[in-house]
Amino acid sequence: MERYHSRKIEGYWQEKWQETELYRSVVRPDQPKHYALTMLPYPSGDLHIGHWYAMAPSDCRARFMRMRGYNVLFPMGFDAFGLPAENAAIKRGIHPHVWTLQNVEKMREQLRSMGAMFDWEREAVSCLPGYYKWSQWFFLKFYEKGLAYRKRSPVDFCPQCNTTLAREQVWGEDRHCERCSTPVVKKELDQWFFRITDYAEELLDFSKIDWPERVVTMQKNWIGKSEGAEVIFQLETGDELKVFTTRPDTLWGATFMVLAPEHPLVEKITTEPHRDTVREYRRQAERQTEIERLAADKKKTGVFTGAYAINPVNSERIPVWVADYVMMGYGTGAIMAVPAHDERDLAFARTYDLPVLEVIKPMEGVTADGELFIGLEDGVMVNSGPFSGLPAPEGREKVIAWLEETGRGKRAVNYRLRDWLISRQRYWGAPIPVVYCPSCGVVPVPYEDLPVLLPEDAEFLPTGESPLKHHKEFLHTTCPKCHGPAERETDTMDTFICSSWYQYAYLSPYHEGPLPFAQEEAAYWLPVDQYTGGVEHACMHLIYTRFFTKVMRDLGLVNFDEPMLSLRNQGIILGEDSEKMSKSRGNVIAPDELVERYGADTVRAYLMFGWRWELGGPWDSKGIEGVYRFLHRVWDLLLAPVPGSGEEGDPPAEAIKALRRKVHQTIKKATDDLTEFSFNTYIAALMELSNLMAKVKKDLYQTPAWTEAAESFVLLLAPACPHLAEELWARLGREYSVHNQAWPVWDKELAAEETVEIVIQVNGKIKDRVMIPADAGEDEVREIALEREVIKELLGGKPPRKVIYVKGRLMNILP
RNA sequence: GCCGAAGUGGCGGAAUUGGCAGACGCAGUAGACUCAAAAUCUACCGCCCUCAAAAGCGUGCCGGUUCGAGUCCGGCCUUCGGCACCA
C-alpha cells in the first residue's frame with residue numbers, strides 16, 4: 001500500500017484549495033461571523049519557527065470555528081515599514097522598497113507552505129501607498145481633533161537606530177532601545193505626539209474585553225494611575241508652586257519642598273547667595289541624565305535655593321530645594337517632602353539634616369516597622385491641627401475637600417502614561433503629512449493630496465536626521481494655504497501607527513473611497529473576535545490599537561470601544577539548548593527544513609502538542625519524530641485494509657460499544673480543548689483515539705462503528721492537519737472538501753461509561769478497586785464495598801463509623 | 001522594592017477544579033521480526049526496599065483546613081517576565 005507522503009499531498013491540496021477559492025471569506029449576513037486575527041509579521045525575509053508557533057495553532061482554532069458553523073475571516077499581511085529594511089539598504093545597497101517586497105514575496109510562499117486558511121485576497125502590506133495613504137489620513141484626523149501636536153521636549157533617542165523612540169520602546173533598567181538594545185540618550189527636539197493620555201482613564205477599563213490577566217496588569221501598571229491632590233504652595237517670592245501628592249493627609253508633615261532640576265521656577269526663585277551652586281547642580285544633573293543614568297546607587301543629592309514656601313495648612317515657612325530625585329516629567333515636577341512618611345524624602349532629610357515631623361501614627365494594635373511609619377496608608381493623623389485624630393484614609397478625603405473650599409488645591413489624578421512620540425528620523429516609513437510655511441505655520445496636507453509619497457531616490461544614510469531632509473524635491477513644496485514656498489515635514493511616522501489599524505485595513509485593502517475601509521465589510525466583520533500574538537506587545541501595539549479604536553469611535557468610524565474582544569498569547573519556542581534562538585548561538589530551527597523533511601502537518605501538530613501554548617519552551621527534535629510517527633500510523637490505520645475482514649462472524653458487541661464511546665468522548669474532549677486553546681491535550685486525545693482504533697481494527701474494520709470512528713477522526717484532525725485530513729477524506733471516498741464539513745457532535749449517551757471503576761478507601765488510603773454500573777446509587781456501592789474481602793478484614797466485623805461516597809469515583813470508609 | 005506568572009518522573013506535559021497523581025508523547029529497558037542494522041510491532045517504565053509481593057515515600061519548602069489537598073488557606077524559597085527615585 002502507498003505510504004504517507006506529506007510533500008506530495010500537501011502541494012496538491014494547497015493548489016486545489018487555491019483553485020477552488022476554499023478560503024475566500026465573503027460577507028454572509030445570514031451566517032454568524034468570526035474574525036480571527038493573528039499578529040502580522042514584519043517581512044524580515046525568513047519565516048521562523050516563532051511565526052509558525054504563533055500562526056499554526058491560531059489557524060487551527062480558526063478552522064475549528066469554521067467547522068462549527070461560523071463564517072470565519074482569517075487574514076494575513078505585512079508590517080512592512082521599519083528599520084531593518086533601511087539598515088539592509090545601508091549595508092548592502094539594496095533599496096528598502098525592493099528588499100521589503102522581495103521579502104514579502106518570499107514570506108508569502110513560506111506562509112503558504114503552512115497550509116493556513118488565510119484569505120490572500122485581503123492581504124495588506126503597510127508600506128504600499130494605498131495603505132499608508134490611510135495611515136496619513138489618520139494622522140490628519142488626529143490633528144483635526146487636537147490629538148496630534150508638535151512639541152519641543154527632551155526625548156529618548158537611540159544612537160544606534162538614529163531616531164527618537166516612544167516611551168514604550170525604551171525598555172529595562174538601563175533604558176535601552178527595544179529593537180537594538182542600545183541604551184538611549186536624551187535629546188531636546190521638536191517632535192510630533194499623539195495625545196494618548198487623553199484616553200488614559202478609558203484605557204484602564206477592561207470590562208468589555210476578555211484579555212489575559214497578565215496583559216491587563218501590565219497595561220494598568222503602564223498607565224499607572226494615582227489619585228490624590230494638587231496643592232498650591234505660596235512662595236515668598238510671590239510665585240505659586242503646585243505639587244502633586246497622593247497623601248494630602250500628610251500635609252502637616254511637609255518640612256521642605258523639592259523641585260526637579262529642570263523645573264522652570266528654579267532660576268527665578270533662587271536667591272543670589274545660592275545662584276552659583278544651584279546652576280552648577282543643574283548643569284551636573286543635565287550631564288548626568290545624558291551620560292549615565294545607570295548610577296543606581298540611589299544616593300540623594302540636592303541643593304538649597306534660598307527660597308522659602310509657606311505650607312498652606314499651617315503657614316510654616318519651609319525651605320525649597322532642588323534635587324534630581326524629583327522628575328520633571330511626572331506630576332508638576334515638584335513635590336512637598338514629608339520625610340516622616342516617605343522613604344525617599346527621609347533619605348534626603350537625613351543627608352541634609354532637614355527636620356522630620358511625624359503626622360501619622362499607626363492605629364492601635366498595629367506596630368510600625370521602624371521608629372517612623374513609612375509608606376503605609378492606614379493610620380491616624382496627629383500633629384495636624386483640626387484634622388488630628390482622623391483615620392488617614394478619611395483624612396485624605398477631608399483634606400482634599402478643605403483644600404478645594406479654601407482654594408488652596410484640588411483633587412487630582414496623575415498618570416504615568418506619556419503621550420505617544422510618533423516622529424522617526426528615518427526614511428522607511430510613512431511621511432508625516434504636514435507642511436511648514438513661513439507665513440501660515442504648520443499646515444496639514446489636504447486630504448485630497450494624500451498620499452504624501454515617499455520618494456524612491458533618497459539617500460538613506462544614518463545621520464540622526466531624517467534622510468528626507470536632504471531630498472530637495474521632497475523637502476521644497478508649496479503651502480497648501482497660501483501657495484507660497486514651504487517645506488515638508490521630513491520625519492516619518494512610527495510603524496506602530498500602521499499596525500494600530502491593520503485589522504481594519506484587511507476588510508478592504510488599499511481602499512479607495514472617502515473612508516479607510518469599506519463600511520459594509522466593517523458592519524459585518526468587526527470587531528475582531530479572537531486575537532492571538534506575543535505578550536511582548538502588551539504595552540506597545542496592544543495599547544496603541546486600543547487607543548486608535550477609541551479615537552475611531554469618537555470620529556464615528558466604528559461603533560464599539562475595543563478592537564479585539566478576546567486575546568490569547570502564545571509563548572516562545574527556545575532552541576534545543578533552552579536559550580533564545582539566535583543566529584549567533586547557532587540554535588535556530590528553520591521551519592522550511594522541517595516542512596521539507598516531515599511535512600507541514602507534522603510541524604503544525606508538533607507545535608500544538610509539544611508545549612502548553614501560552615508557555616512555550618525548548619525545541620525537541622526527537623519530539624517531532626513522535627508526531628511524525630503518529631501521522632504515519634494514522635495513515636495506515638485508516639487506509640490499510642485488514643485481510644479477510646468481515647468474513648468471520650459478528651464483531652463483538654462490547655468492542656463496538658467501547659469504540660463508539662471513545663469516539664464520542666474524543667469529540668467532546670477535542671471540542672472543549674480547542675475552545676480553550678488547549679492544543680496539546682487536543683492532539684493527545686486524537687492519539688488516544690487512534691490507539692484504541694488500532695487495538696480494535698482487526699475485529700471492527702468496515703463495520704459501521706469503524707466507519708463512524710474513521711470519519712470522526714478525520715474531521716477532528718482537520719483543523720490541526722488540514723492536508724492529511726483532506727487526503728484521508730478523499731481516500732475514504734468522501735466529497736471535497738473536509739474543510740467544508742460540520743464539526744462532529746458528541747452524543748452524551750454514547751459517550752457515557754456503562755461501568756466505572758471506583759476506588760475504595762479506608763481512612764483515606766486506597767485499599768481496593770471495584771467495577772460498578774455507572775448509574776449505581778450510594779447504597780448499592782456501599783453494599784458491594786462492604787462485602788469485599790479486604791474491606792471486611794480491615795473493618796473487623798464492625799459497622800463503619802462513616803462512609804463518604806463520590807459518585808462514580810470513590811468510596812471512603814471510616815472505621 | 002512593587003506587580004504578575006510558573007515550580008508535578010530523566011524530559012515536554014496531563015489531572016473533569018477538593019476525590020485513582022503522572023493521560024499523551026519523548027528518552028530508556030527487554031523481547032519479536034531481520035544474516036545484520038534501520039524502520040515497525042509487543043511489554044515494562046516515579047522513588048525506595050525486594051527474587052517477588054506487600055508495606056512505605058512522592059506534585060519547590062514549612063505549617064493549616066478537610067474523611068480526603070498537585071488543587072483551598074497562612075508563611076517562606078527558587079526561576080522567568082514587567083515596572084521602578086512616579087511623589
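Each chain gets a letter, A, B and so on, in the order its sequence line appears, and its residues count up from 1.
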Using the ring of each side chain (for Trp, its six-membered ring), is Y352(A) parallel, tilted or perpendicular to W321(A), with breaks at 30° and 60°?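 Ring orientation of Y352(A) relative to W321(A): tilted.
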Donor-acceptor pair, distance only, cut-off 3.5 Å: does the side chain of R546(A) make one with the backbone of L203(A)?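 Looks like yes, one N/O pair under 3.5 Å.
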Checking the side chain of D577(A) only, and the main-chain atoms of E579(A) only, is there a donor and an acceptor separated by less than 3.5 Å?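 Present.
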With the sugar-phosphate defined as primed atoms, P, OP1 and OP2, and the base as all remaining atoms, what B/S/- string results for nucleotides 1-13 of chain B, 5' to 3', for protein heavy atoms under 4.0 Å? --S--------BS
Listed partners of D210(A) passing salt bridge (Lys or Arg N to Asp or Glu O under 4.0 Å), at least two apart: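 D210(A) satisfies salt bridge (Lys or Arg N to Asp or Glu O under 4.0 Å) with R568(A) only.
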Tell me: [atom1] of [X] to [atom2] of [N], nearest whole Å?
X: R629(A); N: rC26(B); atom1: CZ; atom2: C1'; value: 8 Å
X: N414(A); N: rA87(B); atom1: CG; atom2: P; value: 8 Å
X: L251(A); N: rA87(B); atom1: CG; atom2: P; value: 16 Å
X: K300(A); N: rA87(B); atom1: NZ; atom2: P; value: 14 Å
X: E536(A); N: rC83(B); atom1: CD; atom2: C1'; value: 17 Å
X: E793(A); N: rA54(B); atom1: CD; atom2: C1'; value: 13 Å

Quick one: do [X] and [Y] make a salt bridge, cutoff under 4.0 Å?
X: K300(A); Y: E343(A); value: no
X: R247(A); Y: D249(A); value: yes
X: R411(A); Y: E227(A); value: no

Listed by chain and number, what are the ring pair (Phe, Tyr, Trp, His ring centres under 6.0 Å) partners of H632(A), not counting sequence neighbours?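 Listed in chain order: Y4(A), Y628(A).
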What does [X] touch in the nucleic acid at a heavy-atom separation under 4.0 angstrom: a base, only the sugar-phosphate, or nothing?
X: G331(A); value: nothing
X: R633(A); value: sugar-phosphate
X: I804(A); value: base
X: V338(A); value: nothing
X: N691(A); value: sugar-phosphate
X: L810(A); value: base
X: E625(A); value: nothing

Expressed in whole Å, how much space separates the [atom1] atoms belonging to [N] and [M]?
N: rG28(B); M: rC20(B); atom1: C1'; value: 26 Å
N: rG58(B); M: rG70(B); atom1: P; value: 10 Å
N: rC73(B); M: rG7(B); atom1: P; value: 15 Å

N/O contacts under 3.5 Å, protein versus nucleotides 57-60 of chain B?
none

Stems in RNA chain B: runs of 3 or more consecutive Watson-Crick or G-U pairs, distances under 3.5 Å?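 Stem segments, range with range: B:1-7 with B:77-83, B:10-12 with B:24-26, B:28-32 with B:40-44, B:60-64 with B:72-76.
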Where the side chain of K622(A) is defined as all heavy atoms beyond and including C-beta, which of rA23(B), rA87(B), rA27(B) is the nearest nucleotide?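 Selected nucleotide: rA27(B).
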Check each residue of residues 769-777 of chain A for a non-hydrogen atom within less than 4.0 Å of any atom in RNA chain B, then write out the ones that pass by number, or none.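 Per residue number, the list reads R769(A).
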